[in-house]
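What follows is a single structure, written as structure tokens, with notes after it.
Keep in mind that what you see is a predicted model, and the values were worked out from it rather than measured. Both counts, for ligands and for their atoms, begin at 1 and track the order of listing.
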Amino acid sequence: MARIIFLGAPGAGKGTQAKVLADSQGIPHISTGDILRSAVANETPLGVQAKSYMDAGDLVPDKLVIDLIRERLQESDAETGWILDGFPRNVEQAGFLDCLLGEMGQDCDHTINLDVPDDVVVSRLVQRGVESGRSDDNEETIRRRLEVYREKTEPLINYYTEQGKLTTVNGDQELEAVTADLQAIVK
Ligand code: AMP
């Protein structure tokens, strides 16, 4: 049983590694990006509101993702553990999560920062755009997403370091080596 937050730039490998770890731990992988993309594809009210922000590479408004996470963490499969991938994305969301977990009598066990150099991140994202056709993996949006990451999300590294909860893992290794490092932390 584990409750894990994944931090890292877009393209750091959070989604890939979170899936592997979630399977091996038997806990849900909760990706706000995946949930939002599916809402956009299904043209739900959430998707309609989120689409323009996502296409621009900006964060969608906190209210939307906060409501989404509150509901998702209260589902029965999340009772014994979870991996959050892509949430929190700014200090406000992190503060909300602290409160929500407090209300639910839960605490996060590990906050893991997947660290990958900028040039590696950009080339991975460009490659993913070619392979997956993800509409926000084009060069202009990638640049914007990295800016947003630096401005809004990177401060969370300090936030969780101050809480004594941050572990940094070198994400610039073979996929299996990163997984092994993560398994050693989570056990
Ligand atoms: P991701 O798949 O995590 O890279 O997310 C793709 C896009 O979804 C981001 O560029 C944002 O537009 C949006 N998004 C995902 N998670 C969040 C979040 N926690 N807060 C705001 N926007 C988010």
Side-chain angles (χ1 to χ4, degrees), residues 3-22 28-75 78 82-101 108 111-116 118 120-157 159-160 169 171 178:
R3 300 190 175 98
I4 306 163
I5 296 171
F6 263 47
L7 294 180
K14 297 188 298 295
T16 308
Q17 294 295 338
K19 270 189 206 100
V20 175
L21 208 56
H29 165 218
I30 302 176
S31 154
T32 43
D34 284 352
I35 296 170
L36 290 168
R37 273 185 291 281
S38 141
V40 170
N42 292 314
E43 297 178 4
T44 67
L46 170 66
V48 171
Q49 293 180 78
K51 186 177 186 323
S52 60
Y53 297 96
M54 295 174 75
D55 285 345
D58 285 319
L59 296 183
V60 310
D62 286 345
K63 167 95 177 66
L64 299 181
V65 276
I66 279 174
D67 287 348
L68 178 167
I69 281 291
R70 185 188 288 111
E71 281 176 29
R72 184 64 190 86
L73 287 182
Q74 282 165 356
E75 283 178 35
W82 35 255
I83 299 183
L84 287 184
D85 158 16
F87 187 95
R89 218 47 169 245
N90 59 29
V91 170
E92 291 74 21
Q93 293 180 13
F96 157 80
L97 183 63
D98 284 344
C99 290
L100 178 68
L101 294 180
C108 121
T111 303
I112 295 172
N113 176 34
L114 266 188
D115 190 35
V116 174
D118 279 4
V120 176
V121 157
V122 172
S123 69
R124 281 189 192 175
L125 289 171
V126 170
Q127 185 61 28
R128 186 172 76 185
V130 173
E131 285 165 6
S132 73
R134 235 180 90 163
S135 61
D136 60 350
D137 282 342
N138 62 73
E139 251 186 275
E140 193 189 333
T141 313
I142 289 170
R143 217 173 303 122
R144 176 67 192 145
R145 284 159 64 212
L146 286 173
E147 258 173 42
V148 169
Y149 169 74
R150 251 173 239 119
E151 193 185 315
K152 306 265 164 80
T153 311
E154 214 169 43
L156 293 181
I157 293 178
Y159 182 95
Y160 287 109
V169 166
V178 178

**Report entry** Glu92 atom CD, neighbour heavy-atom count above 12 within 6.0 Å
**Finding:**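 Yes - once you tally the heavy atoms of other residues, nucleotides and ligands closer than 6.0 Å, there are more than 12.
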
Query raised in the report: Under a 4.0 Å N-O cut-off, is there an ion pair linking Glu75 with Arg72?
Result: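 So Glu75 pairs with Arg72 through a salt bridge.
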
Acceptor/donor pairs from residues 50-57 side chains to any protein atom, 3.5 angstrom cut, sequence neighbours excluded:
unit_1: Lys51; atom_1: NZ; unit_2: Asp55; atom_2: OD2; d: 2.6

Query raised in the report: For the side chain of Arg145 and the backbone of Asp136, is there at least one donor-acceptor N/O pair under 3.5 Å apart?
Result: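 Present.
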
Distances for all N or O pairs of ligand 1 and the protein under 3.5 Å?
unit_1: ligand 1; atom_1: 2 (O); unit_2: Arg37; atom_2: NH1; d: 2.9
unit_1: ligand 1; atom_1: 2 (O); unit_2: Arg37; atom_2: NH2; d: 3.0
unit_1: ligand 1; atom_1: 3 (O); unit_2: Arg89; atom_2: NH1; d: 3.0
unit_1: ligand 1; atom_1: 3 (O); unit_2: Arg89; atom_2: NH2; d: 3.3
unit_1: ligand 1; atom_1: 4 (O); unit_2: Arg89; atom_2: NH2; d: 3.3
unit_1: ligand 1; atom_1: 5 (O); unit_2: Arg89; atom_2: NH2; d: 3.3
unit_1: ligand 1; atom_1: 12 (O); unit_2: Asp58; atom_2: O; d: 2.6
unit_1: ligand 1; atom_1: 16 (N); unit_2: Thr32; atom_2: OG1; d: 2.8
unit_1: ligand 1; atom_1: 16 (N); unit_2: Gly86; atom_2: O; d: 3.4
unit_1: ligand 1; atom_1: 16 (N); unit_2: Arg89; atom_2: NH1; d: 3.2
unit_1: ligand 1; atom_1: 19 (N); unit_2: Gly86; atom_2: O; d: 2.9
unit_1: ligand 1; atom_1: 19 (N); unit_2: Gln93; atom_2: OE1; d: 3.0
unit_1: ligand 1; atom_1: 20 (N); unit_2: Gln93; atom_2: NE2; d: 2.9
unit_1: ligand 1; atom_1: 22 (N); unit_2: Val60; atom_2: N; d: 3.1

**Report entry** Residue pairs, two or more places apart or on separate chains, that pass salt bridge (charged side-chain N to carboxylate O under 4.0 Å, His left out) and touch residues 57-68
**Finding:**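 Listed once each, the pairs are Asp58-Arg144, Lys63-Asp67, Asp67-Arg70.
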
List the atom pairs, with distances to 0.1 Å, where a side-chain N or O of residues 36-43 and a protein N or O form a donor-acceptor pair under 3.5 Å, not counting sequence neighbours.
unit_1: Arg37; atom_1: NH2; unit_2: Asp34; atom_2: OD1; d: 2.9
unit_1: Asn42; atom_1: ND2; unit_2: Ser38; atom_2: O; d: 3.0

